[in-house]
*Asks:* 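Questions regarding the structure given below will be posed in turn.
For reference, positions follow the sequence shown, starting with 1.
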Amino acid sequence: MISEKTLQFLEDLRENNYRDWFQANQDRYADYKKDYKTTTEAFIAAMGKYDESVSHLEFKDCSFRINRDIRFSKDKAPYKTNMGIWMYPGAKHDNLAGYYIHIEKGKSFIAGGLYCPQPDALKKVKREKDGYYEDLDEIVQNEDFKKNFKALSTEDALKNIPKGYEKEHPAAEFLKLKSLIAQAPVTDKELLAKNFVEATAKKLFVLTPLVDFLNRGLTTEE
């Protein structure tokens, strides 16, 4: 599971984000990778009990390279300083909804849904929100959803309803959302607890109806 050593490695990497330091700390990086693999596999097993659609996944399907793609970024720091675990049905590069665990000292969180979908996927999700908004409203009004995640994120919401929809549309607030995600913070104490994986998987399962709603729209032909 997640160890203090892993969190400290990521913190030290943040302060020394350049190749020479990274190469000089390959032994620590090796320990980090072991922790990453063990934690990810534990999450796959735990989530698979709740949502069989992710039970087939392997570490390579859910993990990210530590190297950043800096080709088009002003930030030229070469390495990521967080651990991410992404679980969803289908092949690795399918644009589907799923579950995410972000591990970073003082900034950890869990989330589920669909983040910044491509235009084709966004169109399909809009169609689902337009035609089946009652289903989505039932999901976000669920007591367990509100207790654990409060509401859908409005981080990248449009100010106005998209073109082609009436202002009075009953799903207006849903249609303004480009991403459809819910998230909740994770404290360092929770992160380092022995039951972190099982407790987190139980929370993420609350988002399964949201993930299913989105993937229904993404995989249904017009």
*Asks:* Quick check against the 3.5 Å criterion: does Ser55 have a side-chain atom that pairs as donor or acceptor with the backbone of Glu52?
*Replies:* yes

*Asks:* Would Arg28 pass as a cation-pi partner of Phe22, given that its NZ or CZ must be under 6.0 Å from the six-membered ring centre and within 45 degrees of the axis?
*Replies:*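 Relative to the ring axis of Phe22, which defines the angle, Arg28 lies outside at least one limit.
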
*Asks:* Taking the side chain from Asp130 and the backbone from Lys126, do they hold a donor-acceptor pair closer than 3.5 Å?
*Replies:*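 No, Asp130 side chain to Lys126 backbone: no donor-acceptor pair under 3.5 Å.
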
*Asks:* Checking Tyr79 side chain against Leu10 main chain: does a donor-acceptor pair fall under 3.5 Å?
*Replies:* no

*Asks:* How far apart are the closest heavy atoms of Phe149 and Lys203, and which atoms are they?
*Replies:* CE1-O, 3.4 Å

*Asks:* Mark yes when over 12 heavy atoms from residues, nucleotides or ligands other than Gln118 sit less than 6.0 Å from its CD; otherwise mark no.
*Replies:* no

*Asks:* Considering only heavy atoms from C-beta outward, does the side chain of Met83 approach that of Ile66 to under 4.5 Å?
*Replies:* no

*Asks:* Does Asp120 CG have over 12 foreign heavy atoms under 6.0 Å away?
*Replies:* no

*Asks:* Distance-only, no hydrogens or angles: does the Asp35 side chain make a donor-acceptor pair with backbone N or O of Ser3 under 3.5 Å?
*Replies:*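 It does hold such a pair.
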
*Asks:* Is there a side-chain contact between Leu214 and Glu128, using heavy atoms and a 4.5 Å cut-off?
*Replies:* no

*Asks:* Can you tell if the side chain of Trp21 reaches within under 4.5 Å of the side chain of Glu15, non-hydrogen atoms only?
*Replies:*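 Side-chain contact under 4.5 Å: no.
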
*Asks:* Please lay out, stage by stage, how Tyr115 and Tyr100 fare under the test ring-ring contact (aromatic ring centres under 6.0 Å, His included).
*Replies:* CA-CA 10 Å; Tyr115 180 69; Tyr100 179 67; 9.1 Å; no

*Asks:* Taking atom CD of Glu134 as the centre, report whether more than 12 heavy atoms of other residues, nucleotides or ligands fall under 6.0 Å from it.
*Replies:*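 Count over threshold, so yes.
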
*Asks:* Does any non-hydrogen side-chain atom of Leu177 lie less than 4.5 Å from one of Val125?
*Replies:*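 No, side chains not in contact.
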
*Asks:* Quickly, which of Ile139, Val140, Leu136 forms a side chain to side chain contact (heavy atoms under 4.5 Å, CB included) with Pro209? Name it, please.
*Replies:*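 Among the candidates, only Ile139 passes.
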
*Asks:* Counting only heavy atoms from other residues, nucleotides and ligands, does the tally under 6.0 Å from NZ of Lys194 exceed 12?
*Replies:* no

*Asks:* Verify the distance criterion only: is there a donor paired with an acceptor across the side chains of Thr208 and Tyr99 at less than 3.5 Å?
*Replies:*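 Their side chains do contain a donor-acceptor pair, which is all the 3.5 Å distance test asks for.
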
*Asks:* Looking at Leu210 and Gly113, what are the two nearest heavy atoms and their distance?
*Replies:*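 Here Leu210 and Gly113 meet closest at CD2-CA, 4.3 Å.
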
*Asks:* Any side-chain donor paired with an acceptor under 3.5 Å for Ser73 and Asp75?
*Replies:* no

*Asks:* Would you please indicate if the ring centroids of Phe43 and Phe196 are separated by under 6.0 Å?
*Replies:*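 Yes; Phe196 has its ring centre under 6.0 Å from that of Phe43.
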
*Asks:* Evaluate whether atom OH of Tyr50 has more than 12 neighbouring non-hydrogen atoms of other residues, nucleotides or ligands under 6.0 angstrom away.
*Replies:* yes

*Asks:* Flag yes if more than 12 heavy atoms outside Lys146 fall under 6.0 Å of its NZ atom; otherwise flag no.
*Replies:*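 Yes.
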
*Asks:* Is there a donor-acceptor pair closer than 3.5 Å between any side-chain N or O of Asn215 and the backbone N or O of Ala97?
*Replies:*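 It does hold such a pair.
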
*Asks:* Can Asp12 and Gln8 be counted as having a side-chain donor-acceptor contact under 3.5 angstrom?
*Replies:*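 The criterion, which ignores hydrogens and geometry beyond distance, is satisfied for Gln8 and Asp12.
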
*Asks:* Are Phe174 and Tyr133 an aromatic pair by the rule of ring centers under 6.0 Å?
*Replies:*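 When the ring centroids of Phe174 and Tyr133 are compared, they turn out to be at least 6.0 Å apart.
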
*Asks:* When you look at OH of Tyr29, are more than 12 heavy atoms from neighbouring residues, nucleotides or ligands closer to it than 6.0 Å?
*Replies:*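 More than 12 heavy atoms, drawn from other residues, nucleotides or ligands, come within 6.0 Å of this atom.
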
*Asks:* On the 0 to 90° scale, with breaks at 30° and 60°, tag the His169-Tyr165 ring pair as parallel, tilted or perpendicular.
*Replies:* perpendicular

*Asks:* Main chain of Glu155, side chain of Ser153: is a donor-acceptor contact present, judged purely on distance under 3.5 Å?
*Replies:*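 At least one qualifying donor-acceptor pair exists.
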
*Asks:* Counting neighbours of NZ on Lys176 that are heavy atoms of other residues, nucleotides or ligands and sit closer than 6.0 Å, is the number greater than 12?
*Replies:* yes

